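Everything below concerns the one structure shown next.
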Amino acid sequence: MSLLPEPSTFEKRYSDDEKLASELPDRPITSLRDLQYVYGRLYTLATAGGGEYAAYLTPEKSTDLFDEPESLLYLRIDLSGNKPRLDPEQPIGVESYGEEKVEAVAHSWFNAAKGFDHSVTHRTGKNKEPEKVAEYLHERLTAWAADDVIQEAVADHEDGWIVDALAALGESEGLRERIETAVDEQLDGKTTALTTVAVKLDSDGEYLLPGEASSVFNEAMRARKRSKLVSKGEATNSIGEATDLVTGNRGPTVGTAEDPLNYFLGKQLEKFPGFDPDEAWRTHPVSEDVAVTLMNARTFVDACDYYTMGANVYYLPYFFGRLQPTEARELYRMLYAVVREQDMTPIQHVYQQFQNDPALQEYGERFRFYVAAVMEHQTKRFDVFGDTLDGSLMSPVELIGSHIDVLESPLFDVHGDAERDTPELRPAFPAPESWDIFVPSEHALLGTLATGWYFEQTFAPADDDDASADDYRIRALVAVLSGEPLDVETVLTEYVERLLEDEGEEFPSFRVSAQYAQLCALAEAGLLTGRDAYKPVAEPRQLTHNHTDDMQQDTPARADGGNVAAARETKLEQFLEQTPALAEDQPERRGSFLLGALVGQVTGYQQVSEGRSTTLIDQYPIKAVTESKLKRLASDVLDKNIVYSRENNMAGTMYSEVVDRLVTTLPQIDIDGDWELDTTDLRFYYSLGVAYGMNNWASNDDEQADGQPATEEEEA
């Protein structure tokens, strides 16, 4: 059961702008700590209210006890006389705990394995015997009230005598036995409960729970919780006098505040040489109150964090600038929805709200995201990728929009033959429905991108199962979510490494097709960058021109294949014209592509017309293509094509639209000179050409009449 109220309830409770503004930071969000503080304030306001001690309470830890029988037990202690005593008539109170008692019980949870809870109220373990419950009740006096930190905290408080009286009562002879007897008489067996005290301060008064009796209980609770803040992680006593980096106030600060990045909690010596966790308060100072508020942000932070490819990805929404009351309510609404519904990534969730909420859209560029990925290693060390406050929801959304445009262009034509204007010739590349990356759905693709599957389908896998800082897939994901462009040279390297791993019995044309769709989408969305020879690869293609219109024109039949061959000629010409990386002034890359296209088409011919199981692509795999071998390979493939042309008694050569361009391009390549491209680049465009050629077959009777080969392929 969540204590988080419905957004409408939150808005009603904090409808006063001035009151809500007083609970919010008085300066813009400029760091992850600022953002955590805002999340923590919203969570505290929603669950425990805005009181002085609200941030220290942990009502969410016991919502499972709400309305359960025998879930609240307390010692009834009479402090109205000269000597503290258990109520002689009814020493133990037993009730059902509920939301209306949260403030009165004032529970502040602490990890049970490390000791009792911060507050005088303590939660038992699950289904404890009456004897054990009695022990917990007794410890409210002997352990909590007598604790050194508690005693020091209440020494100067006007009601400190109350705590002293409890400690004194705890030393009474036979008290433990009396408590055990009372509990045994009143409990109906095992129970899970909050155990605490209720004190009567006036002879005519009522027994009051801690939050009702005196602030001394909450002051003591706060002091004990603060004492645990200085010895977290590797630190043993990280506290000192400094300026709080969230509030700007000077005072006691601690260095071990909650940190999703774990910069200051773990063994970060490799990141910060000479780092001493006990001195973290100097470089990472936050006051104790702020540190507790940061802890309260965990529910919202965790909801906006998801795990993929061995890393935790954080995608935290916020509003740029100083948070206004209306924005705080909007942010709460958003975080509430992410917490309640875990079926989508926070990216999908926030975008869905963005689409459905005109008020949210009005914030425009002020609506930002903190984005980072944290990879934890076995040694408790962490690598952090990205870490930016400038993430934009529109960056991944625009990429997905570009990706859909690419899929629906003549390059892929994901809607199939029935909806294609010219079904006689296939689109440039295959787009199997079984691959998520070819599904032209904004919602589906956004999920594919957010989970990292978008890059897992195209990039080289990690070297082993363990998370690695060298895994470029997670870096690419964070970059795209942050709106940062990817280096196109690195992207091509990832592509080719994946193809070489896939290349087995059959050529991975579906993989190449997926990579090219992604490459075009990244370029279209402005998320690729490259220098020198890689600039053309990073440029977007022209997707607006529809080559099918041209193919419908009355094109004269050609000697090497009639109308279908003419259509292939038009399609190839337009593909080259619309691809900056394959322009005529890029002969090395263009030659690699054309060589691949010819290999792909001859391979199709061999498979269908010759029935050969071993084809040209088996003879010239991707790894065979190098700068020094490119011309020789091309010569061999051209010779093979001529042989097949003669065997078919053709007037010209098969696939002349490719052959003519290849023989024109090859002389422009100066093998003895300085190559502008490396082997990776050549291999990718060779692979692209093979995929293009293998998909360049006709599917109707006209193809048979033209005597052209047809083939089908299956992805390995």
Side-chain angles (χ1 to χ4, degrees), residues 428 488-489 492-493 495-497 499-500 503 507-509 512 516 530 532-537 560 568-569 572-573 575-577 579-606 612 614-647 650 652-696:
V488 70
E489 186 175 1
L492 293 184
T493 300
Y495 285 170
V496 172
E497 287 182 5
L499 295 178
L500 292 176
E503 197 174 37
F507 179 77
S509 60
V512 176
Y516 191 60
D532 302 328
Y534 290 95
K535 280 185 178 178
V537 182
D560 68 335
R568 287 203 314 266
E569 164 78 33
L572 178 61
E573 178 66 23
F575 182 81
L576 295 175
E577 285 181 355
T579 308
L582 299 178
E584 290 187 11
D585 61 353
Q586 305 287 321
E588 297 156 4
R589 193 178 288 123
R590 184 183 177 101
S592 297
F593 172 80
L594 291 170
L595 172 60
L598 188 57
V599 169
Q601 297 204 184
V602 173
T603 293
Y605 172 81
Q606 291 175 319
R612 296 180 58 176
T614 301
T615 62
L616 213 56
I617 188 56
D618 300 313
Q619 190 176 351
Y620 302 107
I622 299 171
K623 63 184 178 183
V625 177
T626 65
E627 296 91 331
S628 60
K629 294 181 180 177
L630 184 61
K631 278 191 173 180
R632 183 174 60 79
L633 294 181
S635 177
D636 291 347
V637 175
L638 286 169
D639 289 345
K640 197 70 175 178
N641 188 57
I642 291 173
V643 170
Y644 284 128
S645 301
R646 290 175 178 171
E647 289 177 354
M650 298 181 67
T653 55
M654 294 168 55
Y655 314 122
S656 62
E657 76 276 6
V658 181
V659 171
D660 292 348
R661 288 176 173 81
L662 183 58
V663 297
T664 304
T665 302
L666 289 176
Q668 301 177 38
I669 302 175
D670 183 5
I671 295 180
D672 297 328
D674 294 331
W675 280 79
E676 292 187 352
L677 309 182
D678 63 19
T679 304
T680 297
D681 198 322
L682 298 182
R683 285 175 173 173
F684 175 74
Y685 279 94
Y686 172 75
S687 304
L688 190 68
V690 174
Y692 180 97
M694 293 184 72
N695 202 54
N696 204 24

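Keep in mind that this is a model prediction, so the values were computed, not measured.
The closest side-chain heavy-atom distance from T603 to F507 is not below 4.5 Å. Using a 4.5 Å cut-off on side-chain heavy atoms (C-beta onward), R590 and Q668 make no contact. In this structure, L630 and I669 have side chains that are in contact, with non-hydrogen atoms separated by less than 4.5 Å.
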Derivation of the side-chain contact (heavy atoms from CB on, under 4.5 Å) call for E573 and R661: CA-CA 10 Å; E573 178 66 23; R661 288 176 173 81; 2.2 Å; yes
side-chain contact (heavy atoms from CB on, under 4.5 Å) between V512 and V690, worked out: CA-CA 9 Å; V512 176; V690 174; over 6 Å; no
Working for side-chain contact (heavy atoms from CB on, under 4.5 Å), residues Y516 and T579: CA-CA 12 Å; Y516 191 60; T579 308; 3.8 Å; yes
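Rounded to the nearest 0.5 angstrom, L582 CG and S592 OG are separated by 9.5 Å. Note that CG of L662 is 5.0 Å distant from CG of L638, once rounded to the nearest 0.5 Å. L595 contributes atom CG, which lies 6.0 Å from atom CG of L633 (distance to the nearest 0.5 angstrom). Distance check: L576 CG to L594 CG gives 6.0 Å after rounding to the nearest 0.5 Å. Distance CG/L499 to OH/Y686: 12.0 Å, rounded to 0.5 Å. F684 contributes atom CZ, which lies 10.0 Å from atom CD1 of I622 (distance to the nearest 0.5 angstrom).
Judged by distance alone, the side chain of S635 and the main-chain N or O of K631 form no donor-acceptor pair under 3.5 Å. When atom types are taken as modelled, the side chain of T653 and the backbone of S645 share no donor-acceptor pair closer than 3.5 angstrom. Judged purely by atom type and a 3.5 angstrom limit, E503 has no side-chain atom pairing as donor or acceptor with the backbone of P508. Under a 3.5 Å cut-off, the side chain of R568 and the backbone N or O of V658 do not form any donor-acceptor pair. The backbone N or O of L572 lies less than 3.5 Å from no partner atom in the side chain of E657, so there is not a single donor-acceptor pair.
Taking both residues in full, the closest heavy atoms of A581 and Q586 are given as O-CB, 3.4 Å, listed atom of the first, atom of the second, then distance. Of all the heavy atoms in T680 and L492, the pair that sits closest is CG2-O, 3.5 Å. In terms of heavy atoms, L666 sits closest to A634 at CD1-CB, 3.6 Å.
No option in L677, D678, L500 other than L500 meets the side-chain contact (heavy atoms from CB on, under 4.5 Å) test with R683.
Side-chain atoms of Q606 and Y644 include a donor-acceptor pair closer than 3.5 Å.
Ring pair Y692/F575 is tilted by interplanar angle, where 30° to 60° counts as tilted.
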